[in-house]
Asks: 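Below are the C-alpha cells for one structure; questions will follow.
As the structure is a computational prediction, the values presented were derived from the model and not from experiment. Numbered from 1 within each chain, the chains take letters A, B, ... in sequence-line order.
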Amino acid sequence: MQELLRTISLTDYNTRVVVLGVAALGLACGWVGTFMLLRKRALMGDALSHATFPGICVAFMLFQLIADGGGKSLPVLLSGAVVSGVLGVLCVMWIRNQTRIKEDAAMGIVLSVFFGLGTALRGIIQKMPGSNSAGLDGFIYGKTASMTSFDAWLIGVIAMISCGVLLLMYKELKLLCFDESFAKGVGFSTTRLDIVLMGLVTLVTVVGLQAVGLILVIALLIIPSASARFWTDRLGVMVLIAGLIGATSAVGGALISAVVPNTPSGATIVLTSFGCFLLSLIFGIRRGLMIRQRTLRKAQQEILLRAKL
Amino acid sequence: MTWTWTTLDTWIVVCAAMAGMACAVLGNFLVLRKMSLMGDAISHALLPGIVAAVYPDRFANELADVLSGLPVREYLPPG
Amino acid sequence: MLWDVDLDVPTGTLVGIVGPNGAGKSTLIKAILQLVPVLAGEIRVFGQPYEKQRSRIGYVPQRESVDWDFPVNALDVVTMGLYGKIGWFRPVRARHRQKALQALDRVGLAELATRQISQLSGGQQQRVFLARALVQEADLYLMDEPFAAVDAATESAIVQILKDLRKQGKTALVVHHDLQTVAEYFDYVILINGRVVAHGPTPTTFSPENLHKTYGGKLSLLEEVAQQLREKR
C-alpha cells in the first residue's frame, strides 16, 4: 500500500519524469496515429515496429563487441531500430510497387520475416559469453520500470518534436489523407508529405519501443484514434481526443505496471487503452453504440407515427 | 554435444511439414481475399486462451494476484 | 493507356470529353494534371508548361476517389481548394473560410456548411467538390464525371455554373458519359477511344459517323442519339 501511494503520488523524481515522458509519448502516438488511420495505413506502424527488432539486436551485438558489456545504451539501440525499421518500410513499399502483391500481404511478409530474424539474433545473443539479453526483452514487451530519467527525457523531447511537426503541417496532412490527387493538383508533393508522415511514425514508434514494446506499440497508434472517431466528426477534435486518450492510457498503464508485480507495461498500456476504446464504443456521442441505437429507435417511431397518420 | 536422430524427431519434422502445407494451402485464399493479416490477428488472439488452457490453476491465481494488487479488491464482495 | 493525343483546346469554351468506358477520358485529365506519367509528348496550359500554370487550374476529381466518411464538414472540404494559395505551413484564416462559404453559397449549399460530408447526398457531395474547384478561382477547370449519378437539381446547378464560367471567359474540360446531353451542354467535343478519334466544335464533330468510329457501333443507344441529332438539324 505504501508502495502504491508512493507511485501514484509521484513522489520520486524518476517516477515523475517517466510519467511525463510516457504521457508525451501517448499524446504523440495518438496524434500521429490519427493521420495514419485516415491515410488507411494503420498497420504500417505494426510492420515498422516488428522490423525494428533485428536492428536492435545487431546494434546490441556490435556495441557489446566494441564496448565490452555496454550494449544497453538506449540511443545506440534506438538508432539500430531506426535503421532496420526504415528498411522494413522500404521493403513493404518496394514489394507493393514492383510486384502485384497487395500492401497487406507485403506487410505480413516483412513483419514476420524481420521479427523472425530478430528472434534468431536474440537466440545468438543469449549464447554470447558475458552478455545479458534481459535488456532486449524490455523492447519486446515494454518495460517502463527500467527507464532512467535520461530515457524518459529522450522519449518526451522526441514526442514533443513530432507533435510540433504535426501542428506545423496539419493542413497539408489533412489534405493528403482526404484527397491525395487533389493535393497533387494544387501543388503539394504527396511523396514528400508521405515521407514526413512515415518519418513521424518511425520516430514515435521507435521511442515508444521501450515503454510499450515492439509487439504492442501499434496499439498506441491505432486504439486512441479509433476511439476518438466515436466522439466527433471534426478532424481537429478527433486529433485532440486521440492525444488525450493516448496520454491517459500510457500514464495509466505505466502506473499499473509499476504497482502490480510482473506485468510488462506494454500489456497494461494496451489494456488501459482498450478500456478507453470500450467506453468510446458504447458512449461515444457521434458514432457510439448507444447513440446509434437511439437514432434507430427514433426513426422507427417516426415511421410508425407516419403510418398511423 | 552429441545428437542422435530419434523417432520423435521424425514425427516433429513430419508435423512441421504438414502444418506448413496446411498453412500454405489456406494462405492462397487469404491473399486472394485480401485478408492476409487475418492470420496474424487470429494467432495473436489465441495467446490469452493458450495461457488459460495450459495453466488453469496458475492463471486463476495470477488473475487473483493482479486483482489483489489493485485497489479493486476493496470493491469486490468479501470471500 | 492513351495514344495519339494531339489536340488544342480553344479558351473560353465548354469542352466535353466523350468516349466509352475505359477509353481514357479520366486518364487524359490526369495526364494534364501530371497525376499519371506522360510517356511521350508534352502538355501545355495556356502556352506554358503545367508547373507554371498550376494555380490557374481547378480540379474536380471523381466522387468515388475519396472516402466520404472522413471527419470533415462541407466547409472544410471547400476550404481545401484554397490550400494551394495559402501555401506550405501557413494556417487557414477566417477570411479563407469566408471565401469558401461564398463558394458553397454559389452551389446552393450554404446552409449545409457544417454538415459532416457523409451525411450529404451524392449530388450534394458533387456540388461540394465543384465549390472546392470554384474557390480556386482558376481559368481552366478539369472535371472528371461531375454528372455521374447526380439528381436533377444538381445537374441543372452544375450546368448553370458551367455557363457562368463560360460567360467569365473561363475554359472547362468535362468528362461526360451521357450522349443525350452532349450537344446541349458543350460547345466543343473531344471523342476518345484509346486515342483521340475526333475533336472540334460540337455541331460539326458530334456526328453519327464520328460516334460510330468512337463506339464501334456497339451501343444500341447510338442509333437513338443519331436519330435525335438528325431531328435537331
Asks: Side chain from CB out, backbone as N, CA, C, O: work out which of these in C:Val77 comes under 4.5 Å of a heavy atom of chain A, or both, or neither.
Replies: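 For C:Val77, side-chain heavy atoms alone lie under 4.5 Å from chain A.
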Asks: Would you please classify the geometry between the A:Phe178 ring and the C:Trp68 ring as parallel, tilted or perpendicular, with 30° and 60° separating the classes?
Replies: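 Answer is perpendicular, since the angle exceeds 60°.
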Asks: Just so I know, are the side chains of A:Ser181 and C:Tyr59 near enough to count as touching, which here means a heavy-atom distance under 4.5 Å?
Replies: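 SC-SC contact between A:Ser181 and C:Tyr59 confirmed.
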Asks: What part of C:Ile117 gets closer than 4.5 Å to chain A, counting heavy atoms only: side chain, backbone, both or neither?
Replies: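 For C:Ile117, the contact with chain A is made by the side chain alone.
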Asks: For the interface with chain A, which of C:Leu33, C:Asn73, C:Val60 has the highest count of heavy-atom pairs at distances below 4.5 Å?
Replies: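 With the most close heavy-atom pairs to chain A, the winner is C:Asn73.
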Asks: Of all the heavy-atom pairs spanning C:Arg54 and A:Val186, show the shortest one and how long it is.
Replies: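 Smallest interatomic distance, heavy atoms only, reads CD-C, 3.9 Å.
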Asks: Name the member of C:Arg132, C:Arg90, C:Lys85, C:Gln136 that forms the most heavy-atom pairs with chain A at distances under 4.5 Å.
Replies: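 Winner by heavy-atom pair count: C:Arg132.
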Asks: Who wins among A:Glu172, A:Met169, A:Glu180 for the most heavy-atom pairs under 4.5 Å with chain C?
Replies: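 Among the listed options, the one with the most contacts to chain C is A:Glu172.
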Asks: Indicate yes or no: at least one non-hydrogen side-chain atom of A:Phe182 is less than 4.5 angstrom from one of C:Tyr83.
Replies: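 When only atoms from C-beta onward are counted, C:Tyr83 and A:Phe182 do not touch, as no gap falls below 4.5 Å.
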Asks: Measuring from C:Leu35:CG to A:Thr190:OG1, what's the distance to the nearest 0.5 Å?
Replies: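 Reported to 0.5 Å precision, the distance equals 8.5 Å.
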Asks: Relative to chain C, which of A:Arg286, A:Lys40, A:Arg234 shows the most heavy atom pairs under 4.5 Å?
Replies: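 Heavy-atom pairs under 4.5 Å are most numerous for A:Arg234.
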Asks: Are side-chain heavy atoms of C:Asp69 and A:Arg287 found at a separation under 4.5 Å?
Replies: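 Of all side-chain heavy-atom pairs linking A:Arg287 with C:Asp69, at least one is under 4.5 Å.
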Asks: For the pair C:Asp67 and A:Arg39, find out whether any cationic side-chain nitrogen is under 4.0 Å from an anionic carboxylate oxygen.
Replies: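 A salt bridge is absent here (no side-chain N lies under 4.0 Å from a carboxylate O).
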Asks: Look only at the side chain of A:Lys174 and the backbone of C:Met80, and say whether a donor-acceptor pair between them is shorter than 3.5 Å.
Replies: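 Answer holds: no.
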Asks: Quick one: pull up OG1 in A:Thr232 and CD in C:Gln116 and give me the separation to the nearest 0.5 Å.
Replies: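 Nearest 0.5 Å value for the OG1-CD distance: 9.0 Å.
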Asks: If you count the non-hydrogen atoms of other residues, nucleotides and ligands that lie under 6.0 Å from CE in A:Met160, is the total more than 12?
Replies: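 Correct, the count exceeds 12.
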Asks: Is it the case that atom CH2 in A:Trp94 sees more than 12 heavy atoms from other parts of the structure closer than 6.0 Å?
Replies: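 No, CH2 of A:Trp94 has 12 or fewer neighbouring heavy atoms, counting only those of other groups under 6.0 Å.
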Asks: Between C:Phe129 and A:Asp179, is the side chain to side chain contact (heavy atoms under 4.5 Å, CB included) condition met? List the steps.
Replies: CA-CA 11 Å; C:Phe129 262 11; A:Asp179 193 343; 3.8 Å; yes
Asks: Which region of A:Leu193, side chain (C-beta onward) or backbone (N, CA, C, O), has a non-hydrogen atom less than 4.5 Å from a non-hydrogen atom of chain C, or is it both or neither?
Replies: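 Side chain of A:Leu193 only, per the 4.5 Å heavy-atom cut-off to chain C.
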Asks: Do side-chain atoms of A:Lys171 reach the backbone of C:Val92 as a donor and acceptor pair under 3.5 angstrom?
Replies: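 Not a single qualifying donor-acceptor pair exists.
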Asks: What are the two closest heavy atoms between C:Pro71 and A:Met238, and how far apart are they?
Replies: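 Taking every non-hydrogen atom into account, CG-SD, 3.7 Å.
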